[in-house]
Amino acid sequence: MRIMDGLYYYPETGFTSNSYIIDNEVRILVDPGHQEHIKDLIELLSEDGFTLRDVDLIIVTHAHVDHCGSVRVLQNELNVRVAMHEAEREYLVDQARYFHRLLGEELWMFTVNQWFKGERDECVSNSNLLILHTPGHTPGSISIYSPDKGYLISGDLIFQGGVGRTDLGGSGELLKKSIELVSKLDIDMLLPGHGPIVVGKNEVKRNFNFVKGFMDSVL
Ligand SMILES: [Zn+2]
């Protein structure tokens with residue numbers, strides 16, 4: 001569903017994540033989700049006139065199976081490029097091995113063609129997107145910020161009324177720092193990895209304040 005010019009939101013269906021399309025010169029799919037979600041995603045995309053073949057780049061916010069379990073299949077079928085943060089490199093391998101052992105699933109390791117580096121990385125030239133390293137939920141979690149359009153895709157860093165869990169290789173301390181960092185940005189729309197989006201500068205601010213209070217009591 002189109003939520004602003006060049007930006008589309010596809011809510012999670014079951015055990016998967018929200019997905020987003022950033023429709024610039026390079027068409028980016030953020031977090032394609034779990035493999036079982038792909039059929040639903042294809043249907044939702046088609047309502048906006050997209051197919052998966054239109055995607056030039058997949059950005060994975062972090063290496064959890066509900067966000068990137070489908071990437072391997074998509075990469076095999078579409079030969080699409082994949083990008084994530086270099087601080088997630090080892091964690092990605094650990095997660096792939098873990099799910100292989102736990103579920104006996106086919107190893108869902110995929111190839112990363114572009115590793116974002118440092119605290120801040122310009123994503124794709126001309127798109128004016130910033131990739132922010134926002135660890136805490138996982139070591140290499142990222143948020144995608146558009147200063148021009150005022151949106152932040154936050155992965156599992158922060159949700160409406162909550163924060164990402166830190167007990168899967170994350171860190172409460174880093175999560176707090178990352179939330180502090182992004183709360184200083186000028187954001188009109190917060191687009192999390194799960195649950196509803198938060199619309200409006202005041203609502204986004206209120207959500208940050210609520211979450212910060214909540215974090216102080218539990219982390
Ligand atoms: Zn996660």
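Each ligand, and each atom within it, is numbered from 1 in the order the structure gives.
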Using a 6.0 Å cut-off, check whether atom CG of Asn202 has over 12 heavy atoms from anything other than its own residue. no

Which pairs pass salt bridge (Lys or Arg N to Asp or Glu O under 4.0 Å) with one or both residues in residues 48-71, sequence neighbours excluded? Arg27-Asp54

Counting only heavy atoms not in Lys201, do more than 12 sit closer than 6.0 Å to its NZ atom? yes

Quick check: are there more than 12 heavy atoms from other residues, nucleotides or ligands sitting under 6.0 Å from CG of Asn79? no

More than 12 heavy atoms from other groups under 6.0 Å of NZ on Lys117: yes

According to the interplanar angle, ranging from 0 to 90°, do the rings of His62 and His67 count as parallel (below 30°), tilted (30 to 60°) or perpendicular (above 60°)? tilted

What's within reach of the Zn ion (ligand 1), meaning protein N/O/S atoms under 2.8 Å? His62 NE2, His64 ND1, His137 NE2, Asp156 OD2

